[in-house]
Amino acid sequence: MSEILLLISLILLSASKLADLWTTVHHVGRYGETNPLARFLFAKVGFAGGLALVMVLWAVIVGMVYASAWSAPRWIQVVTAIAGTLIAWIQWDVARFNATRRSSCLTRIALRAYGKWAKMARR
């Protein structure tokens, strides 16, 4: 049963990341991106290259987490599935925000947390 939860979580995580990618390409663009890492990559390797690198990095991290969770004890599988689903929810809400510019409570919290992280990253 926990393997099914992991698989569902991975599907949700992947679908929400693809939605985030699509809305970044179609609604945000190269100059509207607020993520400092993505902006840096866009400046170095272009918009398409930066998006590709971000997606590869995301896929490597998610792959490592889910591959190790797959053979872990059930409680770790469940925790990973819950965390992945929560991240998928945030990614989906960010994609919705990118497309509509309507914030939700979740995107406002994420934007505040991201703003604090971005300030620390600039130092």
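Fair warning: this is a prediction, and the values are worked out from it, not measured in the lab.
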Undergrad: In the single-linkage hydrophobic clustering (I, L, V, M, F, W, Y; side-chain heavy atoms under 4.5 Å), do I82 and I90 co-cluster?
TA: yes

Undergrad: Are W92 and D20 close enough that some pair of their side-chain heavy atoms sits under 4.5 Å apart?
TA: no

Undergrad: Is it possible for you to say whether F47 and M55 belong to one hydrophobic cluster, with membership spreading through side-chain heavy-atom contacts below 4.5 Å?
TA: yes

Undergrad: Spell out, as yes or no, whether a donor-acceptor pair under 3.5 Å connects the side chain of Q91 to the backbone of L13.
TA: yes

Undergrad: Okay, side chain of R96, backbone of R102: is any donor-acceptor separation there less than 3.5 Å?
TA: yes

Undergrad: Between A81 and T85, what is the shortest heavy-atom contact and its length?
TA: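 So the minimum-distance heavy-atom pair works out to O-OG1, 2.8 Å.
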
Undergrad: Does I11 offer a backbone N or O that forms a donor-acceptor pair with the side chain of S14 under 3.5 Å?
TA: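 Not a single qualifying donor-acceptor pair exists.
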
Undergrad: On a heavy-atom basis, which atom in L6 and which in W70 lie closest, and how many Å separate them?
TA: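 So the two residues come closest at CD1-CE3, 3.6 Å.
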
Undergrad: Can you measure from CZ (F40) to CG (L53) and round to the nearest 0.5 angstrom?
TA: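 Output value for this atom pair is 10.5 Å.
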
Undergrad: Please find the pair of heavy atoms, one from Q77 and one from A69, that lie closest to each other, and give the distance.
TA: CG-O, 3.0 Å

Undergrad: Is any side-chain heavy atom of F97 closer than 4.5 Å to one of D93?
TA: no

Undergrad: Do V28 and T23 pass the side chain to side chain contact (heavy atoms under 4.5 Å, CB included) test, and can you show the C-alpha distance, the side-chain angles, and the key distance before you say yes or no?
TA: CA-CA 7 Å; V28 176; T23 59; 5.6 Å; no

Undergrad: Within the side chain of H26, is there an N or O that forms a donor-acceptor pair under 3.5 Å with the backbone of W22?
TA: yes

Undergrad: Run the side chain to side chain contact (heavy atoms under 4.5 Å, CB included) test on L41 and L51 for me, step by step, so that the C-alpha distance in whole Å, both residues' side-chain angles and the decisive distance to 0.1 Å come before the verdict.
TA: CA-CA 8 Å; L41 290 173; L51 286 174; over 6 Å; no

Undergrad: Just by modelled atom types, is the S2 backbone N or O under 3.5 Å from a matching donor or acceptor in the R74 side chain?
TA: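 Flag not set: sc R74 to bb S2 has no pair under 3.5 Å.
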
Undergrad: What's the shortest heavy-atom distance between N98 and H27, and which atoms?
TA: O-CB, 3.2 Å

Undergrad: Would a single hydrophobic cluster contain both I4 and Y66, if residues Ile, Leu, Val, Met, Phe, Trp and Tyr are joined by side-chain heavy-atom contacts under 4.5 Å?
TA: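 No, Y66 and I4 fall in different hydrophobic clusters.
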
Undergrad: Let me check something: do M64 and V56 share a hydrophobic cluster, defined by ILVMFWY side-chain heavy atoms less than 4.5 Å apart, either directly or through other members?
TA: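 As far as the 4.5 Å side-chain criterion goes, V56 and M64 are connected within one cluster.
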
Undergrad: Identify whether L12 and L21 are in the same connected component of the hydrophobic contact network (ILVMFWY, side-chain heavy atoms under 4.5 Å).
TA: no

Undergrad: Specify the closest pair of heavy atoms between R108 and S103, including all atoms of both residues, with the distance to one decimal.
TA: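 Minimum heavy-atom contact is NH1-OG, 3.1 Å.
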
Undergrad: Does a sphere of radius 6.0 Å around CH2 in W89 hold more than 12 heavy atoms from other residues, nucleotides or ligands, not counting ones at 6.0 Å or beyond?
TA: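 No, not enclosed.
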
Undergrad: To the closest 0.5 Å, what do you measure between CD (E3) and OG (S71)?
TA: 10.5 Å

Undergrad: Say whether, by atom type as modelled, one donor and one acceptor occur between the side chain of S9 and the main chain of L5 under 3.5 angstrom.
TA: no

